[in-house]
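Counting from 1, the numbers follow the sequence of the chain as shown. Note that the structure is a prediction, hence the values are computed from the model and not measured.
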Amino acid sequence: MRIALLSATERASNGALRAEQKLAGRSVLEWQVDLALRLQCERIICLCTAPASELIIAQQRRVEGKGLSFHALRNHLQLTNLVRADDAIFVQLDGLIVDQDALDDDCGADAALQNCIFEISSDHPLSAAYPADFQRIDKDKHWGGVAVLPGECAAALKEMPEDADAVSLLLRIGLQARVVREDVPITLLENNQWVLASDAESLNLRGKALMEANLSQPSWAGPGAVIAAAIVRQTADRWLGAGSEIAAAAAVAGFLVAAILAGIGFAPAGIALASVGAFAASLADSSGRLRRGISLHAAQSALSNWIAPVTTMLSCAVLMIANWEAGAMLVSLSIPLLAIGLSYLAGSTGSKPSQAFWRDNALHLAIFAGAAFFGLLQNALLVFSLGALLQLLLRVRNKKAIM
């Protein structure tokens with residue numbers, strides 16, 4: 001069995017537990033549990049001072065919800081009853097955050113679970129700044145913060161004092177058992193991919209790296225998406241929880257009120273509010289994509305699969321209500337459907353600026369709100385339809401030219 005051994009006892013420079021520090025809206029302990037799940041650990045053991053804390057209970061529920069086991073222990077004596085000789089113990093330093101994708105790329109998931117003690121040089125900034133955490137192994141090397149040890153090492157803990165540090169003991173026992181030692185790949189030590197949650201600056205640098213890697217920059221031709229991505233990037237700690245769901249709920253509510261306003265004769269105001277709803281939908285989409293990109297084990301939702309088509313349908317519904325004319329019902333209903341439908345097709349695939357424009361529902365609705373204010377909504381819809389149709393025809397022509 002693969003067992004992960006984590007800790008939530010050490011404190012950062014601000015006095016709070018390292019495990020409680022936030023990175024992109026998620027606790028450091030949650031990131032460490034992510035890595036354990038990524039490496040297919042079936043049992044997770046966390047050494048802590050308060051097993052009933054909210055932090056520990058949240059991770060216990062999360063792990064047990066996946067059908068795995070989670071144990072919160074106060075000392076290493078209980079650990080010996082949970083580890084068998086043929087198990088593999090994946091040990092992570094308290095507060096250490098390792099880039100999951102980079103670990104896979106440099107070590108591979110299987111290689112990362114071979115018995116091994118990762119080490120760094122004595123002159124590395126981490127070992128120089130935190131010698132008590134990255135313990136000295138010999139005159140030239142310090143522990144790198146990660147080790148995979150055979151389960152039989154845990155048996156020796158029975159003879160050790162109750163107040164001794166379990167991770168330090170296991171590391172020493174592993175060294176005495178001549179477990180293989182390997183250098184942490186240099187690429188992992190660069191670009192903030194191997195970070196100790198000791199202070200806010202370290203976490204901020206890692207957070208910025210995560211944003212750059214997992215939140216793409218939309219084309220300038222779709223300003224609504226650009227602004228939404230910028231907001232999510234700057235406020236990621238608020239969006240990775242339930243931010244996507246909150247923004248999606250706000251979008252739906254905005255569209256419903258917009259439809260009511262359009263139906264009672266306030267078409268410009270209704271369409272303008274629908275534009276705000278479409279922008280909220282862009283926020284939901286950006287934050288959902290970021291959450292999915294950052295961690296496969298973070299709580300996910302299906303928002304990204306339906307937010308775009310639902311926004312398109314609601315936009316069309318508001319415009320149809322706003323353009324309603326009792327005497328020409330077929331025309332008044334079909335023109336908004338044609339305009340929004342063609343724009344959806346024109347922007348459905350590709351990353352060119354022109355296609356980004358046709359995907360930006362918030363921008364479209366803002367334009368239509370202005371046109372409605374001057375009594376030109378139907379004219380604007382017709383021009384918009386012709387523009388989207390032209391974009392589609394040019395795309396087909398370009399494909400034929402390439403063939």
Of Val83, Asp87, Ile173, Asn115, the residue whose pairing with Pro150 passes side chain to side chain contact (heavy atoms under 4.5 Å, CB included):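 In the set Val83, Asp87, Ile173, Asn115, the residue that makes a side chain to side chain contact (heavy atoms under 4.5 Å, CB included) with Pro150 is Asn115.
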Ring geometry between Trp358 and His364 (parallel below 30°, tilted from 30 to 60°, perpendicular above 60°): tilted
How long is the gap from [atom1] on [X] to [atom2] on [Y], to the nearest 0.5 Å?
X	Y	atom1	atom2	value
Leu175	Leu149	CG	CG	8.5 Å
Gln32	Phe90	CD	CZ	8.5 Å
Leu170	Asp165	CG	CG	9.0 Å
Leu35	Ile97	CG	CD1	11.0 Å
Asp133	His142	CG	NE2	11.5 Å
Ile260	Ile321	CD1	CD1	9.0 Å

Nearest atoms (heavy-atom pairs only) where [X] meets [Y]:
X	Y	answer
Ser198	Ala12	O-CB, 3.5 Å
Ala369	Ala272	CB-N, 3.7 Å
Val148	Ala88	CG1-CB, 4.4 Å
Pro336	Met320	CB-CG, 3.7 Å
Ala8	Ile56	CB-CD1, 4.3 Å
Ser275	Ala362	OG-O, 2.7 Å

Donor-acceptor check, side chain of [X] to backbone of [Y], threshold 3.5 angstrom: yes or no?
X	Y	value
Gln391	Ser343	no
Ser53	Ala50	yes
Asn361	Ala278	no
Arg11	Asn14	no
Trp194	Leu126	no
Gln135	Pro131	no

Check against side-chain contact (heavy atoms from CB on, under 4.5 Å), Phe368 and Asn323: CA-CA 11 Å; Phe368 294 142; Asn323 197 49; over 6 Å; no
Any donor-acceptor N or O pair under 3.5 Å, side chains Gln59, Arg62: yes
Residue pair Ser287 / Ser244, side-chain donor-acceptor N/O under 3.5 Å: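 Result is yes, a qualifying pair exists.
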Within-4.5 Å side-chain heavy-atom neighbours: [X] and [Y]:
X	Y	answer
Trp143	Ser127	no
Leu319	Leu377	yes
Leu23	Glu30	no
Leu365	Val318	no
Arg18	Val28	no
Leu314	Val310	yes
Val167	Asp94	no
Val184	His124	no

Cationic N near anionic O, under 4.0 Å, Arg359 to Asp285: no
Salt-bridge contact Lys141-Asp138 (side-chain N to carboxylate O under 4.0 Å):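 Answer for the salt bridge query: no.
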All salt bridge (Lys or Arg N to Asp or Glu O under 4.0 Å) counterparts of Arg43, not counting sequence neighbours: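 Arg43 satisfies salt bridge (Lys or Arg N to Asp or Glu O under 4.0 Å) with no residue once adjacent residues are dropped.
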CA sep, side-chain torsions, deciding dist, call: Leu29, Leu17, side-chain contact (heavy atoms from CB on, under 4.5 Å): CA-CA 10 Å; Leu29 182 61; Leu17 289 173; over 6 Å; no
Steps toward side-chain contact (heavy atoms from CB on, under 4.5 Å) verdict (Gln378, Ile335): CA-CA 7 Å; Gln378 188 154 292; Ile335 291 178; 3.7 Å; yes
From CA spacing to verdict: side-chain contact (heavy atoms from CB on, under 4.5 Å), Leu68, Ile44: CA-CA 8 Å; Leu68 308 175; Ile44 296 176; 5.7 Å; no
Tyr130 OH: over 12 foreign heavy atoms closer than 6.0 Å: yes
